[in-house]
Undergrad: 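Here it is, the structure, as structure tokens.
Please read these numbers as outputs of a predicted model, since none were measured by experiment.
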Amino acid sequence: MFAAFKQSQKAVQQGEVPVGAIIIYKQKIIAEAHNLVCQSHDSTAHAEMLVLRKASQLLKTPYLDECDLYVTLEPCAMCAAAISWARIKRLYFGAYDPKGGAVEHNARIFEHSFHKPEVIGGVHEKECAELMVAFFKERR
């Protein structure tokens with residue numbers, strides 16, 4: 001989660017919502033990303049979407065069933081659906097997101113999808129949540 005958190009800090013430096021993600025394959029980080037929604041003018045440029053694309057390109061497959069995804073915030077519905085389609089083995093996320101999250105909250109995408117990864121939420125939750133709160137507090 002530390003590497004994903006570092007990615008979220010990079011997002012803050014670029015004025016992006018502080019979400020970072022990494023993908024682990026065979027115990028090695030093979031892809032890293034952070035939100036780039038504002039910079040890329042692309043509402044789908046969430047950290048999870050970007051890191052899934054990078055890993056799929058590297059492994060030359062859309063199926064990442066031997067990979068674990070670490071992300072600093074509970075994924076939204078779009079990202080959770082993409083995680084399911086990619087067949088991620090395990091999802092670790094930091095802060096819970098009662099408003100926009102769709103894994104443990106709201107749509108609960110994995111309850112309705114054909115593939116459900118093993119989910120471990122609340123990993124370094126405090127640190128991840130504090131960065132998010134500080135980011136939005138500064139902008140208000």
Side-chain angles (χ1 to χ4, degrees):
M1 187 58 80
F2 181 71
F5 189 77
K6 285 181 73 173
Q7 285 294 315
S8 68
Q9 291 173 316
K10 287 182 182 181
V12 170
Q13 293 170 356
Q14 296 176 13
E16 298 281 353
V17 174
V19 179
I22 63 163
I23 290 190
I24 304 284
Y25 174 69
K26 294 186 178 180
Q27 301 179 351
K28 292 180 74 177
I29 296 173
I30 62 163
E32 299 176 292
H34 56 78
N35 275 9
L36 287 173
V37 172
C38 297
Q39 187 175 333
S40 66
H41 310 289
D42 179 358
S43 58
T44 69
H46 291 196
E48 301 96 321
M49 300 297 285
L50 298 173
V51 81
L52 288 170
R53 287 181 191 132
K54 287 179 180 182
S56 289
Q57 290 169 358
L58 180 74
L59 296 176
K60 299 186 183 336
T61 179
Y63 306 116
L64 304 173
D65 53 345
E66 295 180 43
C67 296
D68 295 338
L69 170 61
Y70 288 76
V71 62
T72 57
L73 183 67
E74 177 182 352
C76 69
M78 173 183 69
C79 294
I83 290 164
S84 177
W85 284 109
R87 301 180 188 166
I88 287 291
K89 186 174 185 176
R90 278 182 292 273
L91 167 65
Y92 298 86
F93 69 84
Y96 289 87
D97 186 359
K99 185 176 179 182
V103 174
E104 301 287 336
H105 296 90
N106 304 307
R108 298 180 187 263
I109 294 295
F110 299 141
E111 291 179 12
H112 312 285
S113 59
F114 74 97
H115 172 77
K116 179 181 179 178
E118 180 182 344
V119 176
I120 300 94
V123 179
H124 293 284
E125 177 182 5
K126 184 179 181 211
E127 298 92 328
C128 294
E130 285 174 350
L131 184 61
M132 189 70 66
V133 168
F135 175 82
F136 284 109
K137 186 177 183 180
E138 186 177 300
R139 277 151 181 71
R140 289 187 183 129

Undergrad: Linking directly or through intermediates, with side-chain heavy atoms under 4.5 Å: list the remaining ILVMFWY members grouped with V37, chain and number order.
TA: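 Its cluster mates, by chain and number: none.
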Undergrad: List the steps, then state whether side chain to side chain contact (heavy atoms under 4.5 Å, CB included) holds for L91 with V71.
TA: CA-CA 8 Å; L91 167 65; V71 62; 3.9 Å; yes
Undergrad: Count the heavy atoms of every other residue, nucleotide or ligand shown that sit under 6.0 Å from CD of E111, and state whether that count exceeds 12.
TA: yes
Undergrad: For a quick test of reading the model, state the closest non-hydrogen atom pair linking I23 to A55 and the distance between them.
TA: CD1-CB, 3.6 Å
Undergrad: How would you list, by chain and number, every residue that makes a ring pair (Phe, Tyr, Trp, His ring centres under 6.0 Å) with F135, sequence neighbours excluded?
TA: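 Scan of F135 (ring pair (Phe, Tyr, Trp, His ring centres under 6.0 Å), adjacent residues dropped) gives none.
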Undergrad: List the atom of G20, the atom of S8, and the distance in Å for their closest heavy-atom pair.
TA: N-CB, 3.6 Å
Undergrad: For F110, enumerate each residue passing the ring pair (Phe, Tyr, Trp, His ring centres under 6.0 Å) test, keeping only those at least two apart in sequence or located in another chain.
TA: none
Undergrad: What's the separation between atom CD in E130 and atom NZ in K137, rounded to the nearest 0.5 Å?
TA: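 Between E130 CD and K137 NZ, I get 11.5 Å after rounding to 0.5 Å.
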Undergrad: Tell me the salt bridge (Lys or Arg N to Asp or Glu O under 4.0 Å) pairs involving residues 64-85, sequence neighbours left out?
TA: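 Only D68-R90 qualify under salt bridge (Lys or Arg N to Asp or Glu O under 4.0 Å).
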Undergrad: Who else is in M78's hydrophobic cluster (ILVMFWY, side-chain heavy atoms under 4.5 Å, direct or via others)?
TA: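 The other cluster members (ILVMFWY side chains, heavy atoms under 4.5 Å, direct or chained) are M49.
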Undergrad: D97 versus N106: any side-chain heavy-atom pair under 4.5 Å?
TA: no
Undergrad: Restricting to side-chain hydrogen bond (donor to acceptor under 3.5 Å, both in side chains), what partner residues turn up for S40, sequence neighbours left out?
TA: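 In terms of side-chain hydrogen bond (donor to acceptor under 3.5 Å, both in side chains), with neighbours along the sequence ignored, S40 is linked to no residue.
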Undergrad: Supply the atom-to-atom distance I22 CD1 to T72 OG1, rounded to the nearest 0.5 angstrom.
TA: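 It comes to 10.5 Å.
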Undergrad: Does some side-chain heavy atom of H46 sit less than 4.5 Å from a side-chain heavy atom of V19?
TA: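 No. Closest side-chain heavy atoms not under 4.5 Å.
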Undergrad: Return each pair, listed once, that meets side-chain hydrogen bond (donor to acceptor under 3.5 Å, both in side chains) where at least one residue sits in residues 47-64; pairs must be two or more places apart or across chains.
TA: none
Undergrad: Search all heavy atoms of C128 against all heavy atoms of G94 and return the closest pair with its distance.
TA: SG-CA, 4.0 Å
Undergrad: Please answer: with hydrophobic residues joined when any side-chain heavy atoms are less than 4.5 Å apart, are F93 and F5 in the same cluster?
TA: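 Yes, one cluster joins them.
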Undergrad: Shared ILVMFWY cluster between L64 and I30, side chains joined below 4.5 angstrom?
TA: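 The answer is yes; both residues are in one hydrophobic cluster.
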Undergrad: Under the side-chain hydrogen bond (donor to acceptor under 3.5 Å, both in side chains) test, which residues partner S113, sequence neighbours left out?
TA: S84
Undergrad: Could you state whether L69 and M1 fall into the same hydrophobic cluster, counting links through intermediate Ile, Leu, Val, Met, Phe, Trp or Tyr residues with side-chain heavy atoms under 4.5 angstrom apart?
TA: no
Undergrad: Determine which pairs satisfy side-chain hydrogen bond (donor to acceptor under 3.5 Å, both in side chains) with at least one residue from residues 20-35, sequence neighbours left out, and list them in order.
TA: none
Undergrad: Mind listing the closest non-hydrogen atom pair of A80 and I109 along with its distance?
TA: CB-CB, 3.7 Å
Undergrad: Between A3 and I29, which heavy-atom pair has the shortest distance, and what is it?
TA: CB-CD1, 3.7 Å
Undergrad: Would you please test L59 and C67 for side chain to side chain contact (heavy atoms under 4.5 Å, CB included) and show each step?
TA: CA-CA 10 Å; L59 296 176; C67 296; 3.8 Å; yes
Undergrad: Under 4.5 Å between side-chain heavy atoms, hopping through other hydrophobics if needed: is there a path connecting L131 to Y92?
TA: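 No: no chain of side-chain contacts under 4.5 Å links L131 to Y92.
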Undergrad: Please enumerate all residues that pass salt bridge (charged side-chain N to carboxylate O under 4.0 Å, His left out) together with E127, with sequence neighbours excluded.
TA: none
Undergrad: Report yes or no: do V12 and V51 belong to one cluster of Ile/Leu/Val/Met/Phe/Trp/Tyr joined by side chain heavy-atom distances under 4.5 Å?
TA: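 Yes; V51 is reachable from V12 via cluster members.
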Undergrad: Would you find more than 12 non-hydrogen atoms of other residues, nucleotides or ligands less than 6.0 Å from F114 atom CZ?
TA: yes
Undergrad: Got a second to check how far W85's CH2 is from H115's NE2, nearest 0.5 Å?
TA: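 Rounded to the nearest 0.5 Å, the CH2-NE2 separation comes out at 12.0 Å.
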Undergrad: Could you list all the salt bridge (Lys or Arg N to Asp or Glu O under 4.0 Å) pairs where at least one residue sits in residues 1-22, not counting sequence neighbours?
TA: none
Undergrad: What are the two closest non-hydrogen atoms of P75 and I83, and how far apart are they?
TA: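 Shortest heavy-atom separation between P75 and I83 comes out as CG-CD1, 3.9 Å.
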Undergrad: If the condition is ring pair (Phe, Tyr, Trp, His ring centres under 6.0 Å), which residues does F136 pass it with, not counting sequence neighbours?
TA: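 With sequence neighbours excluded, F136 shows a ring pair (Phe, Tyr, Trp, His ring centres under 6.0 Å) to no residue whatsoever.
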